[in-house]
Structures are given as C-alpha cells and as structure tokens.
Amino acid sequence: MKSLVEYIVKCIVDNKESVEVKQIEGERSIVLEVKVAQEDMGKVIGKEGRTIKAIRTVMGVAATKIGKKVMVELMQ
Amino acid sequence: MIVEQKGNSVDEAVEIALKKLGVPREKVKIEVIAEGKKGVFGLGSKLAIVRVTTIEEEEKQVRTSQEHRPVQTPEVSTKDGPKEPIPEEKSPAVIFLQEVFKSLGLEAKFQASITEDESQIIDIITSDSALLIGKKGKNLEALQYLTNIAANKNVSKRVKVLLDVERYRERREESLVTLAKKVADEVRQTGRSVSLEPMSAYERRIVHLALKEEPGIITESVGEGEERRVVIKMRKEG
C-alpha cells in the first residue's frame, strides 16, 4: 500500500525527495498520510481534484485486493 | 515497429499499414484482429483491424530476451558492429504500469502499439480484468489518467496514452453509439432534449461523432468538469 502510493506520487511531483508517506493500519482500514513539498501540492491534487481522485481510485483497487478500505489523505 | 491499422477490408488495412511502415510485405508479420464485415448498404459493416509487426522488431524482442542470460555481458555486444538496441527502451508508460501492477499484486502483460494519430495504446492482459476496469470503466480511467501524467513527466514531446483491457474500449464504444442512436430517435419523436449521463471527453467525442450525420438533431456538451455531459436536441429550423 505505502510503496504503491509513494511510487505514484513520486511520478507526479517535481520534488521526489520531499515525498513522505505514513501508513496507519486499522483492523478494516488503512490510512495513508501523504506529504509532499508545498509547491507540488497543486500537482498532486490536479485540476478540480482529478489527480488525487485518480490516486484514490487506483488505491481503492489495491484495497479491494486485500479486502480493506483505504484512505489517502494529503497532509499540509 | 508495430502498427495497428483499420480498413474496409483486411487487405486494405494491411496495405495502408505497409505504406506507413515503408517496408515490403515479406518483411512483416501480420495478425488479423478483426476480420471486418461488409454489411448491407453500409449498415452493420465493421472495419477490419490488423496488427502489423516488422520482422526486425520481432527479432529485436527475441534478442532482448536472450540478453537476459547472465553469461552475455553488454560490453561484448557493443564491441563489434552497430550498437544493439537497449533492452530497456520500453515506453515510460509501460514502466509505470509494470511498477503499479507489481505493487497491486496483479499479474499483467502489456502490449503497446501506436495508433494512426500517434497516441499509444497499451493493451493490458491480466487475470483480474473486472477489477481493473471497475464500474463503468472508472478504475481503468483513473489508471489511464495517472499513466498519462507519469509518462509525460519531463518529456519534450507529449504522448497520449490509452489503456485497454480485453478490448473493453471497443465494446464500450459500440454500446455508446447504440445508446446515442436510440436517444436520438427518442428526441426526434418527442421533440424534447435529452441529456446523457456525465462522460469523459473521450466518450463525449464518440457520441458527438456518432450523431454528426443524424438528420434533425444536434449534440452539445454542457456542464463543467466531472459533470460535463452531452445533450441531444432538435435542430431548430431556419
């Protein structure tokens, strides 16, 4: 989970070194807290939130595979 | 080089593809993807589709797989003759997809080809295509969106990447055209405008094109962003 979202986000941002992902695992769900450089926030969110939405959808596929819910949070 | 070509017949499609590649027929491998149908008075006709691979490309792929043998070091092959093609010349899009699928724990094979308008179509063969496609193609759409961003990061020439799973795109296209024609009939009969459900730009384009020649009606896209949809309405007289 963590490695996947990290890989995708790194493909989108300019500042790869600033990408940090924290995985908080619950019984039925996983929360992924994603931190990126301030100037990359817009890229990860995308026009009208399209990019972050697409990331969440793809992570949803990964979650279905393991039978859990996954939440991707973009941290300030 | 691999070219996928449509045509009125298999022969015609092959001919166009050969012209594009600029190689004689004996230097290519031809796969027929769809035979195509003649139809009656242009009704029910289907285009033939062929995939034409230059034999050079095939050999390259064979060579690439041989190069994975540990005995062969790259220095040996570069010493004599012209430079060998680098095995890792895969498109950035395919590299991205491979990485994503590895993390997803989904087995998948990717087959990339170039279309007439130079976009790249990547056909994904996987064990779990239903999950990959998602409801109304939602998952596939999201993955395609991200693949386009990843593939166009730090490149000078933008490339459009389309993803397909087991010809899902083609089937969806067919059902969209059927729907569009049905709704167009309805509009003509009732005189009332009908708005379709929100669609992606690609899907809206299919609907617009399907109804371009339909008499008596016009199509129009309305709404913003995710809510953008096609409205089919009567053409005003005069």
Side-chain angles (χ1 to χ4, degrees), chain A residues 1-25 28-34 36-37 39-74, chain B residues 90-108 122 124 126-155 158-159 161-163 165 168 198-202 223-229:
Chain A
M1 280 294 154
K2 189 183 154 186
S3 61
L4 179 58
V5 80
E6 202 171 294
Y7 177 73
I8 294 175
V9 171
K10 279 185 178 171
C11 286
I12 295 168
V13 299
D14 287 328
N15 201 335
K16 293 190 200 311
E17 293 77 45
S18 303
V19 177
E20 265 177 58
V21 180
K22 212 165 109 192
Q23 175 161 333
I24 304 149
E25 194 140 2
R28 259 172 284 168
S29 61
I30 296 169
V31 179
L32 295 163
E33 291 185 350
V34 179
V36 300
E39 65 267 27
D40 280 326
M41 281 297 263
K43 287 195 196 71
V44 178
I45 295 168
K47 198 174 154 210
E48 285 163 3
R50 266 191 86 178
T51 308
I52 187 70
K53 214 178 147 196
I55 293 173
R56 288 184 172 129
T57 305
V58 171
M59 293 313 293
V61 175
T64 311
K65 278 292 278 184
I66 56 165
K68 281 194 175 186
K69 269 203 162 34
V70 68
M71 273 161 274
V72 181
E73 303 287 353
L74 201 50
Chain B
K90 276 179 231 145
S91 81
V94 172
I95 294 168
F96 174 78
L97 289 168
Q98 272 172 343
E99 201 61 41
V100 168
F101 275 76
K102 208 167 76 191
S103 290
L104 281 173
L106 277 172
E107 291 257 342
I122 301 175
I124 307 171
T126 174
S127 48
D128 200 343
S129 45
L131 175 63
L132 179 57
I133 293 169
K135 236 182 181 174
K136 280 183 196 157
K138 194 185 79 182
N139 294 348
L140 190 61
E141 203 67 47
L143 188 60
Q144 177 177 299
Y145 186 75
L146 295 178
T147 307
N148 272 286
I149 296 176
N152 288 303
K153 191 93 195 151
N154 309 324
V155 292
R158 281 192 73 85
V159 57
V161 183
L162 292 166
L163 301 185
V165 183
Y168 168 78
M199 287 174 195
S200 67
Y202 175 76
E224 290 297 322
E226 306 252 313
E227 280 302 302
R228 200 152 167 84
R229 54 183 75 208

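Keep in mind that what you see is a predicted model, and the values were worked out from it rather than measured. Every chain is numbered from 1, with letters handed out A, B, ... down the list of sequences.
Contacts of B/Lys138 with chain A are made by both backbone and side-chain atoms, with heavy-atom separations under 4.5 Å. Proximity to chain B (any heavy atom under 4.5 Å) is shown, for A/Thr51, by both the backbone and the side chain. At a 4.5 Å heavy-atom cutoff, the contact between A/Arg50 and chain B is made by backbone and side-chain atoms alike. Of the atoms belonging to B/Glu226, heavy atoms from both backbone and side chain fall under 4.5 Å from chain A. For A/Val13, the part lying near chain B is the backbone, with the side chain staying farther off; criterion is any non-hydrogen pair under 4.5 Å.
Ranked by non-hydrogen atom pairs under 4.5 Å with chain A, the options B/Gly225, B/Pro92, B/Gly134 are led by B/Gly225. Most heavy-atom pairs under 4.5 Å with chain B: of the set A/Lys10, A/Arg56, A/Glu48, this distinction falls to A/Glu48. Residue with the most contacts toward chain A among B/Glu224, B/Glu99, B/Lys102: B/Glu99 (heavy-atom pairs, distance under 4.5 Å).
Residues B/Leu132 and A/Val61 are not in side-chain contact: their nearest non-hydrogen atoms beyond the backbone lie 4.5 Å or more apart. Inter-residue side-chain proximity for B/Leu146 and A/Ile12 is flagged as met; some heavy-atom pair is nearer than 4.5 Å.
When all heavy atoms of B/Leu104 and A/Val58 are compared, the closest pair comes out as CD2-O, 4.2 Å. Smallest separation of non-hydrogen atoms from B/Lys153 and A/Asp14: NZ-OD1, 2.9 Å. Summarising the geometry of A/Lys65 relative to B/Leu106, their closest heavy-atom pair is NZ-CD2, 3.7 Å, with the distance given to 0.1 Å. Between B/Ala150 and A/Cys11, the shortest heavy-atom distance links the atoms CB-CB, 3.9 Å.
Taking OG1 of B/Thr147 as the start and CD1 of A/Ile8 as the end, the distance is 8.5 Å to the nearest 0.5 Å. A distance of 7.5 Å separates CD1 of B/Ile149 from CD1 of A/Ile55, quoted to the nearest 0.5 Å.
Within 6.0 Å of atom NZ in A/Lys16, more than 12 heavy atoms from other residues, nucleotides or ligands are found, so the atom counts as buried in its surroundings. Other residues, nucleotides and ligands contribute over 12 non-hydrogen atoms within 6.0 Å of the CD atom of A/Gln23.
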